[in-house]
Amino acid sequence: MDCILFLQNTRGLRSQLKDSVPVAGLCPQAGPYGIQDTLRMGFSSVKNELLPSHPLELSEKNFQLNQDKMNFSTLRNIQGLHAPLKLQMEYRAAKQIQRLPFLPSSNLALDTLKGTDESIGFEDILNDTAQCEVTGEPHIMTEYKLGLL
Amino acid sequence: MNNFPETCATKQLNSVTTGHGTAITEIPTSLRPNRSGKKNRLSVDMALSHVFETPVSGFNFENSTRNILLENVLDEGKTKAPKPLKTGTTIAGVVYKNGVVLGADTRATSSEVVADKTCAKIHYIAPNIYCCGAGTAADTEKTTDLLSSNLTIFSMNSGRNPRVVMAANILQDILFRYRGMIGANLILGGVDCTGNHLYRVGPFGSMDKVPYLAMGSGDLAAMGILEDRFKVNMEVEEAKTLVCDAIHAGIMTDLGSGNNIDLCIITRRGVDYIRPYQESEYKQRRQEKYKYKPGTTPVLTENIVPLELELVHEMVQTMETA
């Protein structure tokens, strides 16, 4: 039964994989110690890494990116090339406003540009990054960020 | 996928592959010092396990593989994961001359057991919009809360009362995004500047604009009553009786609906939320008193055994009082 489910999923997923941003391994088999985490991920298999186990996993991972792609291409068709170019330039500039590598950032400028400061979705309630209980080791994170690792 | 919050997610160039076969998108070039091509691969691999990637906000699908494996292993697929609490409902709505009447029963079931006898299924969305929800209880609750928050932000920004069609559109967007995984069947009713409206929104994002409506597991019986006696431009008392009878028919014929009936009458002037409008006639009434007087049971014998305790270890810790 499982293989039929995956077959149906691949047909739909192949089109999704083609057009959307490529993902690099849905289910990283490495656990916190760098080896296969059999308890949580099960036995390692190529199928697990390539195909998602939940039908929504792939679409949710790329949802924001696909929305942006759609909106920018519509904008380009209506108003010409410069409109989405200018907007993307502003997004890129706002995305670089961050705090130290191990601290969470509020992304206020980016939120205001995107308009998500005026709406609430599941990404604001569930798994809020500002309230994450775990944080990376500050020195390691800074060294990695600066390429000294 | 390891993704630092500050990296641009659409970057596909310059990805560094580690020994585990996962790709890490590179940090922006402006912040990157000159890197030599050769690096001690082993130290990078070991140290990378300490590098923490912030989790993506929103739904987390980490456990779905584990859940599928568990279901396959336990009892060869016979044991399933625990079912979420469904409402198993009858909800109905009717547009009348001066507004909208929404009605709902108050039973919430968890498989074959009644989990909640006084469940509130009519949710507040805006001062002029209310919503009845059928399906999974948590899903309807959270989705209507989200909708209500978004509409409040909108009305604070623009200074206007929200319209029912806006609420229906926002719901459609949310529910379609999750392809029916959020099991919320909703009846949206409200009065705004354009008139009295009643919308049905399905869990996959379908929308229907209708003058009368019933949903839930008891909708067939309720729909029968509505189809028979609905008239356009009814008076308020007639509309209330009609909705109450429709819900009552659902309660009588469906096991998943029961207990009391709640009504919500929305007009241009305001909202009248009557909870309960009609109580169930099968409420438990005790026939007699079932308490016994003290001394009813005679004591035959009494046997006292003292519990002997042995001192095993004693430790005295003096407190510094300085």
Side-chain angles (χ1 to χ4, degrees), chain A residues 1-2 21-30 32-34 39-42 48-49 52-57 59-61 63-65 68 91-92 95-96 98 101-102 104-105 107 118-129 132 134-137 140-141 143-149, chain B residues 1-2 4-10 12 15 18-25 27-28 30-35 39 43-69 72 77 142 146 149-150 153-154 157 170 174 177-179 181:
Chain A
M1 190 173 78
D2 264 359
V21 180
V23 297
L26 280 158
C27 191
Q29 300 295 313
Y33 298 105
L39 183 67
R40 289 202 204 103
M41 317 282 192
N48 272 347
E49 283 203 43
S53 47
H54 197 275
L56 282 184
E57 197 172 343
S59 83
E60 274 302 295
K61 197 182 261 232
F63 182 76
Q64 202 49 51
L65 300 170
D68 288 343
Y91 281 18
R92 247 170 231 233
K95 229 178 264 217
Q96 291 182 13
Q98 297 284 328
F102 47 91
S105 167
N107 289 321
E118 288 174 353
S119 71
I120 301 180
F122 283 114
E123 50 277 348
D124 298 306
I125 306 173
L126 303 171
N127 276 335
D128 191 9
T129 43
C132 191
V134 203
T135 171
E137 221 269 303
I140 305 274
M141 301 278 280
E143 283 177 16
Y144 182 81
K145 175 95 183 285
L146 295 175
L148 303 168
L149 200 55
Chain B
M1 186 163 95
N2 299 334
F4 287 112
E6 61 265 34
T7 57
C8 179
T10 53
Q12 294 151 33
S15 52
T18 69
H20 306 301
T22 55
I24 302 174
T25 52
I27 48 181
S30 56
L31 294 161
R32 197 176 47 142
N34 299 327
R35 255 182 156 176
K39 195 178 282 296
S43 73
V44 170
D45 288 354
M46 273 174 55
L48 276 171
S49 55
H50 296 291
V51 169
F52 173 69
E53 64 263 20
T54 44
V56 182
S57 48
F59 286 105
N60 192 346
F61 297 102
E62 269 177 11
N63 284 335
S64 48
T65 334
R66 180 205 71 173
N67 290 346
I68 295 178
L69 285 174
N72 287 338
K142 269 299 165 204
L146 268 186
S149 308
N150 278 322
I153 295 179
F154 163 79
N157 263 338
I170 295 176
I174 295 177
R177 175 176 168 178
Y178 295 104
R179 298 296 190 279
M181 290 282 166

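Model, not experiment: these values are computed from the prediction. In what follows, chains carry the letters A, B, and so on, assigned in the order in which the sequence lines appear, proteins first and then strands, with residues in each chain numbered from 1.
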Problem - Heavy-atom side-chain contact between A/K95 and A/N107 under 4.5 Å - result: no
Exercise for the section: With a 4.5 angstrom heavy-atom cut-off, could you sort out which part of B/I170 is near chain A: side chain, backbone, both or neither? Expected result: neither
Exercise for the section: Might you point out which heavy atoms bring B/M181 and A/L56 nearest each other, and give the distance in Å? Expected result: CG-CD1, 3.5 Å
Practice task
Check each atom of B/F154 against the heavy atoms of chain A and say whether the ones under 4.5 Å are side chain, backbone, both or neither.
Solution key: neither
Completion exercise
Honestly, the part of A/T135 sitting under 4.5 Å from a heavy atom of chain B is backbone
Practice task
For the residue pair A/D68 and A/Q64, establish whether any side-chain heavy-atom pair is separated by less than 4.5 Å.
Solution key: yes
Exercise for the section: Could you look at A/F102 and say if it's the side chain, the backbone, both or neither that has a heavy atom under 4.5 Å from chain B? Expected result: neither
Exercise for the section: For residues B/N150 and A/I120, report the shortest heavy-atom separation together with the two atoms involved. Expected result: OD1-N, 2.7 Å
Practice task
Identify which part of B/N157 has an atom lying under 4.5 Å from any heavy atom of chain A, answering side chain, backbone, both or neither.
Solution key: side chain
Exercise for the section: Only counting residues at least two apart or in another chain, list the ones meeting side-chain hydrogen bond (donor to acceptor under 3.5 Å, both in side chains) with B/S64. Expected result: A/S53
